[in-house]
2 protein chains.
Amino acid sequence: MRSRADAAPAYLWVPDLEPGIMGLTAEQSHYVARVCRARPGDLVTITDGRGGIARAHLLSIDKEVRLEVGPVERVAPDRQAWILCGAPEAGRADWLVEKLGEFGVAVFQPVQCARGRWSRADARLERWRRLAVAALRQSRGRFLLDVRPPVSLDEALTGLPSSLGRDLLDPEGLPAAAAGQSGTRVAAVGPASGFDEGERTTLAAAGFGAIRLAESRLRTETAAMAWASWWAAGGSGSSVVAHADRHGRPTS
Amino acid sequence: MRSRADAAPAYLWVPDLEPGIMGLTAEQSHYVARVCRARPGDLVTITDGRGGIARAHLLSIDKEVRLEVGPVERVAPDRQAWILCGAPEAGRADWLVEKLGEFGVAVFQPVQCARGRWSRADARLERWRRLAVAALRQSRGRFLLDVRPPVSLDEALTGLPSSLGRDLLDPEGLPAAAAGQSGTRVAAVGPASGFDEGERTTLAAAGFGAIRLAESRLRTETAAMAWASWWAAGGSGSSVVAHADRHGRPTS
């Protein structure tokens, strides 16, 4: 059992964040009081997942945890990552969502493809959104991953801001080192059996350039995660969230 | 159900690979005949996981699959990645091993740390080795991930070749973009609660330089995987294994 000193400082997601006194939900109260072992007087950090962040003083721990929230500091994202993703093999989407959340990806857009369909997506959407919140908390980020319901490729492309740099993950593509890594980008990742020729033509026409991120063949979820990692490593650092501890936690 | 045309061409790991006639094990026979739906006359690719690769003709599918193996072409690795890894939270090591295998990492060395112990490692070692073989097959690689039993940090450092570039994954480190990405490297990744001060001192004395791979806080397994992905993206391409299909499988 870890000591209170080892427990991570509490970090919360509260979508309607405002300065003042507030009570936490049962789930949030459990997290603050039991997982983080916070006590009255402790400082808690809260984000709204849309760039807002505030410090709060823990007032009391009874049935619910009550906090006094300070001023909300707000930043706009200096860059974003979007992922249009075909269905991976069964059981592999949960951790993909978690990892995309940890890397600070903005939008996860599942795409229905000729060679791979997202099934039971309605039931899974709720779980994925919970995983995104957990990843936000874990990574102490400011921007919650937006997990969207599956749509067709055409629909996904119609919804894209025109300003996004566009990457198609493809073993025959250019080495990623030769491609632009900066700014706001979107990646298209095929399902487990790959995009078909029609989808590849559609993506090329929409400005997606083929890049590869490794010399080996990667699974759908590995390729998506590798791209998110590659994108995250290209950040300028302007939206760094202060690290709550300096004891070598395995982050990077 | 996918058609035979959609099934991936068979790719096998056979540690004692030699030219000539050979029979496959029951598990390999199932994979070739049922998963890949190969038929007599089809070509199968086989690696020994140590840089050797051969083409084989499928001769027959009865109780066991029989093959005629051609000449073995052998390459030495032009670079390697090693990972010394503290224990992640429960249940997160399996997919880490799979992903490291997909990225072509050479050595996965679990390390017992002051703030995190690998438990039940003996029982898990067998599963991790099966996952490494599956990842080799999936990624069509030539080098099998060497999954080692947990050791102390001192023991792990003693066993390191002196030629390896050494990275400590650390949120306070230099941006990875500023660090060398080429050649053979080893990463040290702390357990879920991080390396303690003594371990950090030991690593610094052993030449490990602190780098960070993202602006956000990453879990143990995410940091290890991000580093493997970063390393994989820095390859020169000299050990590329020919891709068996050009139909946009989601690799990169």
### A/Arg217 versus B/Gln138, closest heavy-atom pair with distance
NE-O, 3.0 Å
#### Entry: CZ/B/Arg74: more than 12 non-hydrogen atoms of other groups inside 6.0 Å
yes
### side chain to side chain contact (heavy atoms under 4.5 Å, CB included) between A/Glu98 and B/Arg219, intermediate numbers included
CA-CA 10 Å; A/Glu98 175 183 290; B/Arg219 291 176 185 274; 3.7 Å; yes
### Query
Hey, which of B/Trp95, B/Trp227, B/Phe103 has the most heavy atom pairs under 4.5 Å with chain A?
B/Trp95
### Query
Should we say atom CZ of B/Arg127 is surrounded by more than 12 heavy atoms from elsewhere, each under 6.0 Å from it?
yes
## Note on the structure
For A/Glu102 and B/Thr222 the tightest heavy-atom approach is OE1-OG1, 2.9 Å
### Query
Are B/Arg79 and A/Glu215 ion-paired here, with the side-chain N under 4.0 Å from a carboxylate O?
no
